[in-house]
Amino acid sequence: MPSQFVHRPARAGLLISICALGLLSAGGWHRIHGQSKSSNSGMTGFTPSETQHEVSAEAELRRLASSAQIGKYHRYLTAEPHPAGSKRNNELAQWVAQQWKDQGLEDVVIHEYDVLNSYPREISLEMVKPKNYKALLKEGPYDVDPDTKNPQVSGSYFGYSASGDVTAPLVYAHSGNPEDYDLLRQKGITVKGKIVLVRYSNPYSYRGFKALTAEREGAAGILIYSDPAEDGYKQGKVFPEGPWGPETHIQRGAITYDFLEPGDPLTPGWASVPDAKRIPASEAKSLPKIMGLPLSWHDARPLLENIGGPEAPESWQGGLPFKYHLGGGSEEVHLKIAMQTPIEPYYVVEARIEGSEFPDQWIILGNHRDAWVYGGVDPSSGTASMLELTRDLGDMLKRHIRPRRTLVFCDWDGEEYALTGSTEWGEQFADNLKAKAVAYLNVDSSASGPNFHGTPVASLAPLLVDTSKSLPAPSGVTLYQEWQRSRQKDSGTPEAPPDSELADTRIGSGSDHTVFLNFLGIPTMGLQFDGPYGVYHSMYDDYYWTNHFGDPGYRYHTLMTELWGSVAMRLANADVLPYDFAFYADDIRQFVQELDRNSQVSSHLDLALLYKRIDEFQTQGTKLKAEIQTLMDANRPIAGSKQINDALMQVERNWCNPDGIPGRPWFKHTLYAARYTYAHLELPGLTEAAEAGNWTEAEMQKQILEKELQKNTELLRRTRDELQAAQK
Ligand SMILES: [Zn+2]
């Protein structure tokens, strides 16, 4: 689902890492405080001799990874439109399952979830005053790209829009954020019973939040259009000459309120297996009650040109060559939306490579299959990278190169609607996952350009940085060096950021990692290469776009296969799971400091104990790491590592509060959640209480964090004791 995410500013430089550049350098995550480990002894969590095995297994993966094969997978996946619930998408589920069987993967299974689907029966939009204009609601064809002429391509619609038929005044409400409506009110313009015209935002803000905000304002409908200032000609050349969105491109999408409760709207918190109980749609918190429709600027232009009333403020003006006005005059539109909402099957395909030594410790890799149209980038780039990874690992398996832990591969369905397939699967297998999952590695769009973005939970950030050092990138340097350059460009700083700042450990929502992190407490990592990409969720996000702009030659798709596989293999083969809890503690401390700065928490609450608990957790994390490293350096595999690792896997689970965060009980994680815009939100319970000035609730949320930290400090202390005992 997501494409254009805000990347946080560089973290304050608490840590400095001085790693040797170059291929295959491992280890070396130095700290300026606490104990540092000796470097270059081996990969984190591996003895030197195990490191040699791992290095050759990863080299074998790189040898096998074929960009030509990825191109073939990609052509097949993008041949026809395949939204969730469509015949083609269901056929692709069968096809993926067959690929995995042919590749030699194990336990290939297709899970069926019967969920509320949503697609259009009849949609029309017409301006009736002061001028008549009937909206096209279609995207235009181009001769150079035959896929743009396929009659199967849908017109404009939003998944889970309400149905209705209304003629009402039209108001321009900028990005449709709450402060935009405040400004309209100041100008004497209300939107109650009216239709609001808003635009997509840059930086990205989830369209469902715009819908909820308009619904709360009492609007009768919301039209969301793509302004050329955001993703069209103001940014650069447009399709088919360039990567940006052309005049008729439409950003489809769902407007589900999945920031309240993701997954099938009728089975919140439990799996929508065929015989599941369902709530009535009227009780579903995640279903919008407002009509919504996305527009191209081709269709928005006649509306905007004919909206009268006061001139919109300068910051509300857009890329079209005239002044935008707010409305409040006599302009009127007729919006008719008739949606069909049957219960229909979605299919999640799952396959495994069972671990040779620890089959009950799972590394899960997932990518969604459903696309709004062809999904050239979103998600077929990711699916193609995944199919190549499984082909390569299947090949290695035939030559008896098997990981020590189990790899689980998931091809999700209905991600675009409400993160549906992954959520239902996570809810169905919750107990097993809480006991067995080491990590979930998510890719959604693998490559729309060369700029790497990694979004791991903090405990996995050092692993990602280390792995990036071992991978050659298309430009001839390492992925690590490319990553440094692109982060440096993002932040506009004169020097490359230190290793501790490369990964973006602020994790919002908007993709299939959500159920793993926020509901189950499983460490997650998101991986993506991006670039200029103005065709998100439109028909033009297709094979042609990928081959001309996004990733000609599939070089970054291939690098994704190598990266995703290498991270998975390190997690699968390490003697001790390479979580870094001392690093995690740094992040948590920084979250508290930032919140205190932004919401003046310390003038209302005493934060001393919270900081003390963070310090204690960090101390134990540092000691444990040093202990493990000493054993690894001495080339001593850890006795009883199954138990040790089972314990370490529980740290992330322990950040979860069974009651969830206030007001959103499905979201259990107390360090990470997402705002309604999908933007990252750290310490969600404490932050939202502090922002609301509810200091009683904030105090309670702070105490929850203190207890969790204490529990995890104890867990690490106990684990270290067991480790020492086991070595005697
Ligand atoms: Zn996606």
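Residues: numbered from 1 along the sequence shown. Just so you know, ligand 1 is whichever comes first in the structure, and atom 1 is the first atom listed for that ligand. Side chains included, hydrogens not; waters and symmetry mates left out as well; all remaining heavy atoms used.
The atom of Asp444 that is an N, O or S and sits closest to the Zn ion (ligand 1) is OD1.
Across Glu415, Gln528, His513, a single residue satisfies side chain to side chain contact (heavy atoms under 4.5 Å, CB included) together with Asp444, and that is Glu415.
With the Zn ion (ligand 1) as the vertex, NE2 of His368 and OD1 of Asp378 span 100° to the nearest 10°.
With salt bridges taken as basic N to acidic carboxylate O contacts below 4.0 Å, one links Arg391 and Glu388. Remark: Arg252 engages Glu139 in a salt bridge, criterion side-chain N to carboxylate O under 4.0 Å.
Among the atoms of Glu415, no N, O or S atom is found under 2.8 Å from the Zn ion (ligand 1).
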Candidate pair Gln428 and Tyr113, rule side-chain hydrogen bond (donor to acceptor under 3.5 Å, both in side chains), full reasoning:
CA-CA 10 Å; Gln428 184 176 8; Tyr113 300 104; 2.6 Å; yes
